[in-house]
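One structure below.
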Amino acid sequence: MGSLDVVGIGNAIVDVVAEADDGLLAEEGLPKGSMTLIDAARADVLRARMGPAVEVSGGSAANTMVGVARLGGAAGYVGKVRDDAAGAVFRRDIREAGVAFPTPAAAEGAATARCLIFVTPDAQRTMNTHLGACVELGPADIDPDFIASAGLLYMEGYLWDPPAAKEAFRKALGITRQAGGRVCLSLSDSFCVDRHRAELRDLVANHIDVLFANEDEAMALYQVQDFDSALAAARADCAVAAITRSAKGSVVAGEGAVHTIEAAPIGRLVDTTGAGDLYAAGFLLGLARGFDLARCGRLASLTAGEILGHYGARPEADIAPFVDASREPL
């Protein structure tokens, strides 16, 4: 263990975010609230259907690492971009946020990944991702010293889509285990869980210390129809499980106890993009600081709440004061 609190591994993506109505989703056959993998041609078609859009650096684990850094933690990130304009923007943004990002850009191959996000009036986001250069992330991009320098390794479930990225995470997992660190996983998306359920079940049961999921993802993983069953299964598999429930807040289980955490009070609900990513950021910072699990959950709830009031998946306000605020009940 050394210089970093947490290292995240994920798909390095530039988000393109625009307002849309339910009719557009229906016309394009987009399952509301889902993340769908698309090819470059489909990405061009959907981009043409978008209205005015905001382009911001994204990627689930990258958003989480930016959140950790903005809370005052020491964060690192591993993800693949191309040496193109979008890749340069991604690298600039994550480094300016204070996150260590040593992964070299690809000199050839597909362009930097982009995620086209349609936000409907109910603040639901429907994501369509062209992975692009992300599929080139592999074991060679895993620097053992960099991974071993962190007490926590955080992975997004989306990594199970590109085969080489899956192997990169397996390598990192082994390094973290050998160094005495803890391994954390976000299930990312229920459709992702459906694609890789058997492998993810094995991973969670045998290799994961801290599991992050929303209730739909948890129920999809364990193929159960109610939250309590999913929570019981997650508790049996992992030392710590943090499961979010939208407006109901979250439930954190571990160390022989179950904590119900209230949702943080927010103003206007604008966009849910990144709420789960920033929930994980708060929780990970809490773990790194040795907070009890209830306080980790409160900090996670506060950081998630900031994201809900604006477009984009990275904080706009100063979230560092949430660390002290998390001492008290929400």
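FYI, the numbering just counts along the sequence from 1.
Grouping the Ile, Leu, Val, Met, Phe, Trp and Tyr side chains by contacts below 4.5 angstrom, directly or via other members, places Leu116 apart from Ile13. Residue Leu308 is not grouped with residue Leu330 when hydrophobic side chains (ILVMFWY) are merged at heavy-atom distances under 4.5 angstrom, including chains of intermediate members. The cluster map of Ile, Leu, Val, Met, Phe, Trp and Tyr, joined by side-chain heavy atoms under 4.5 Å apart, puts Leu46 and Leu25 in the same cluster. A single hydrophobic cluster is not seen to contain both Val89 and Val16; linkage of ILVMFWY side chains at heavy-atom distances under 4.5 Å, directly or through other members, places them apart. By the criterion of side-chain heavy atoms lying less than 4.5 angstrom apart, applied directly or through intervening Ile, Leu, Val, Met, Phe, Trp or Tyr residues, Leu159 is grouped together with Leu185 in one hydrophobic cluster.
Atom CG of residue Asp84 and atom OG1 of residue Thr112 lie 3.5 Å apart, to the nearest 0.5 angstrom. Annotation: the span from Ile9 atom CD1 to Leu173 atom CG amounts to 9.0 Å, rounded to 0.5 Å. With rounding to the nearest 0.5 Å, the separation of CZ in Phe191 from OH in Tyr158 is 10.5 Å. One finds the OG1 atom of Thr303 at 5.5 Å from the CG atom of Leu278 (value rounded to the nearest 0.5 Å). The OG1 atom of Thr120 sits 5.5 Å away from the CG atom of Asp22 when rounded to the nearest 0.5 Å. From Cys192, atom SG reaches atom CE of Met35 across 6.0 Å, with rounding to the nearest 0.5 Å.
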Side chains of residues 201-212: which donor-acceptor partners sit under 3.5 Å, not counting sequence neighbours?
from	atom 1	to	atom 2	distance (Å)
Arg201	NH1	Leu221	O	3.2
Asp202	OD1	Asn206	ND2	2.8
Asn206	ND2	Asp202	O	3.1
Asp209	OD1	Arg177	NH2	3.4
Asp209	OD2	Arg177	NH1	2.9
Asp209	OD2	Arg177	NH2	3.2
Asp209	OD2	Val183	N	2.8

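Annotation: side chain of Cys296 is not in contact with side chain of Leu285 (no heavy-atom distance under 4.5 Å). Contact of the Val119 side chain with the Val17 side chain is registered, since non-hydrogen atoms from C-beta on lie closer than 4.5 Å. Using a 4.5 Å cut-off on side-chain heavy atoms (C-beta onward), Glu19 and Met50 make no contact. In this structure, Leu4 and Phe146 have side chains that are in contact, with non-hydrogen atoms separated by less than 4.5 Å. For the pair Leu293 and Leu287, the minimum side-chain heavy-atom distance is below 4.5 Å. Side-chain contact between Met127 and Phe118 is absent, with no heavy-atom pair separated by less than 4.5 Å. Glu306 places a side-chain heavy atom less than 4.5 Å from the side chain of Glu316. When side chains are defined from C-beta on, Leu153 does not count as touching Arg182, because their heavy atoms never get closer than 4.5 Å.
Remark: Glu96 does not engage Arg91 in a salt bridge, criterion side-chain N to carboxylate O under 4.0 Å. With respect to the salt-bridge test (charged N to carboxylate O, under 4.0 angstrom), the residues Glu217 and Arg197 do not qualify. Contact check on Asp93 versus Arg314 returns no salt bridge, with no Lys/Arg side-chain nitrogen under 4.0 Å from an Asp/Glu carboxylate oxygen. One finds no salt bridge joining Glu262 and Arg298 here, because no Lys/Arg side-chain nitrogen approaches an Asp/Glu carboxylate oxygen to under 4.0 Å. For the pair Lys171 and Asp143, the salt-bridge criterion is not met [side-chain N within less than 4.0 Å of a carboxylate O].
Taking the six-membered ring where tryptophan is involved, the planes of Phe169 and Trp160 are perpendicular, since the angle between them exceeds 60° and thus also 30°.
Closest of all the heavy-atom pairs between Ala325 and Leu302 is CB-CD1, 4.1 Å. Residues Val81 and Ala133 approach most closely at C-CB, 3.9 Å, considering heavy atoms. Contact between Val270 and Gly309 at its shortest, heavy atoms only, is CG2-O, 3.4 Å. The shortest non-hydrogen separation linking Val6 to Leu284 is CG2-CD1, 4.3 Å. Ile307 approaches Ala275 most closely through the heavy-atom pair CG2-N, 3.8 Å. Residue Ser326 comes nearest to Phe291 through the heavy atom pair OG-CE1, 4.4 Å, listed as atom of the first residue, atom of the second, then distance.
For Lys248, the NZ atom counts as loosely surrounded, since its 6.0 Å shell holds 12 or fewer non-hydrogen atoms of other residues, nucleotides or ligands. Annotation for Glu199: atom CD counts as buried by contact number, over 12 foreign heavy atoms lying within 6.0 Å.
Checked by atom type and distance alone, the side chain of Arg82 pairs as donor or acceptor with a backbone atom of Ala107 at under 3.5 Å. Although no hydrogens or angles enter the test, the distance criterion places no donor-acceptor pair under 3.5 Å between the side chain of Glu167 and the main chain of Pro139. In this structure a side-chain-to-backbone donor-acceptor pair under 3.5 Å is present from Arg70 to Pro315. Checking side-chain atoms of Asp5 against main-chain N and O of Ala75 turns up no donor-acceptor pair under 3.5 Å. In this structure, the side chain of Ser250 does not engage the main chain of Thr244 through any donor-acceptor pair within 3.5 Å. Checked by atom type and distance alone, the side chain of Thr126 pairs as donor or acceptor with a backbone atom of Gly33 at under 3.5 Å. Arg245 contributes no side-chain N or O that, together with a main-chain N or O of Val251, makes up a donor-acceptor pair within less than 3.5 Å. Looking at Thr176, its side chain does come within 3.5 Å of a backbone N or O of Ala172 through a donor-acceptor pair. The main-chain N or O of Phe101 is found under 3.5 Å from a side-chain atom of Arg95 such that the two form a donor-acceptor pair.
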Does the pair Arg47 and Asp44 meet the rule for a side chain to side chain contact (heavy atoms under 4.5 Å, CB included), with working shown?
CA-CA 5 Å; Arg47 183 66 183 90; Asp44 290 339; 5.6 Å; no
Apply side chain to side chain contact (heavy atoms under 4.5 Å, CB included) to Val66 and Tyr77, showing your working.
CA-CA 9 Å; Val66 168; Tyr77 180 70; over 6 Å; no
Test side chain to side chain contact (heavy atoms under 4.5 Å, CB included) on Thr64 and Tyr279; report intermediate values, then the result.
CA-CA 8 Å; Thr64 299; Tyr279 181 94; over 6 Å; no
Audit row: His130, Arg42, side chain to side chain contact (heavy atoms under 4.5 Å, CB included) steps and yes/no:
CA-CA 9 Å; His130 175 232; Arg42 177 65 168 156; over 6 Å; no
Assess the residue pair Asp189 and Arg195 against the criterion (salt bridge (charged side-chain N to carboxylate O under 4.0 Å, His left out)); give the C-alpha distance rounded to whole Å, side-chain angles, the decisive distance to 0.1 Å, and a yes or no.
CA-CA 10 Å; Asp189 180 88; Arg195 289 193 291 272; 5.1 Å; no
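With hydrogens and angles left out, the side-chain atoms of Asp277 and Ser60 include a donor and acceptor closer than 3.5 Å. Residues Ser229 and Asp226 bring a donor and an acceptor atom of their side chains to less than 3.5 Å of each other. Side-chain contact of His196 with Asp161: a donor-acceptor pair under 3.5 Å is present, judged by distance alone.
The salt bridge (charged side-chain N to carboxylate O under 4.0 Å, His left out) test applied to Asp141 returns Lys80, not counting sequence neighbours.
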